Amino acid sequence: MTMERHPSWSGGTTVDRSGYLLRRVAVDGQHGYLIRAVQKRGYLGTDPNGYAPEHRIVMHETLGRRLEPGEVVDHIDGNVRNNHPSNLRVFASNAEHLRATLTGRVPDWTPEGKARMCGRPVDPNSENQKRLAKRIQSKTDDPASPSPSDHSPE
């Protein structure tokens with residue numbers, strides 16, 4: 001049994017690991033260029049269908065043209081299952097997408113992490129560095145682990 005005749009047929013949609021809706025489309029159809037899943041090889045040969053992200057199909061229909069390879073379709077409200085055209089916007093590149101979506105967001109970086117990213121030296125007297133040193137010290141105090149004196153040159 002295939003597709004509509006199969007008891008588990010769900011209308012040609014499925015959900016990927018990231019929660020995005022995927023719609024079954026023909027490889028040689030108007031949305032075939034959006035297929036990102038590897039085509040399955042069936043008993044009778046290559047499957048002439050595949051799964052394309054539904055939000056990209058909706059944007060294709062909304063724009064009335066094919067999406068360019070670098071274009072990114074974003075869900076404005078962050079809900080990847082809300083594929084209504086009013087909730088979708090297209091960016092020319094991932095850099096533009098990240099610039100728009102990360103603007104105003106403040107990551108929860110530690111001062112030490114921020115210093116490492118900026119190439120500044122890390123303050124060894126900071127609380128996080130002291131905690132890290134304690135954790136490392138407790139591991140080296142373990143009798144099962146070799147002590148630094150075991151590796152001294154003779």
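When a residue number appears, it is its place in the shown sequence, counting from 1. Keep in mind that what you see is a predicted model, and the values were worked out from it rather than measured.
- In this structure, CZ in Arg81 is found 14.0 Å from CG in Asn87, a value given to the nearest 0.5 Å.
- Between Arg66 and His60, the shortest heavy-atom contact is CA-ND1, 3.7 Å.
- Leu88 and Leu67 fall within a single hydrophobic cluster, where Ile, Leu, Val, Met, Phe, Trp and Tyr side chains are chained together by heavy-atom contacts under 4.5 Å.
- No continuous path of hydrophobic side-chain contacts links Tyr20 to Val90 [ILVMFWY only; heavy atoms under 4.5 Å].
- A continuous path of ILVMFWY side-chain contacts below 4.5 Å connects Val73 to Val58, so both sit in one hydrophobic cluster.
- Residues Val80 and Val72 do not share a hydrophobic cluster, clusters being chains of Ile/Leu/Val/Met/Phe/Trp/Tyr side chains in contact below 4.5 Å.
- Residue Arg56 holds its CZ atom at 13.5 Å from CD of Glu61, rounded to the nearest 0.5 Å.
- One finds the NE2 atom of His97 at 3.5 Å from the CG atom of Asp74 (value rounded to the nearest 0.5 Å).
- The shortest heavy-atom contact between Leu34 and Pro53 is O-CD, 3.4 Å.
- Side-chain atoms of Glu96 never come within 3.5 Å of backbone atoms of Ser93 as a donor-acceptor pair (strictly under, hydrogens ignored).
- When every heavy atom of Ala52 is checked against every heavy atom of Val25, the shortest pair comes out as CB-CG2, 4.0 Å.
- In this structure the side chain of Leu22 reaches within 4.5 angstrom of the side chain of Asp16, judged on heavy atoms.
- Residues Asn83 and His75 bring a donor and an acceptor atom of their side chains to less than 3.5 Å of each other.
- Tyr33 and Leu63 fall within the same hydrophobic cluster, where Ile, Leu, Val, Met, Phe, Trp and Tyr residues are linked whenever their side-chain heavy atoms come under 4.5 Å apart, directly or through other members.
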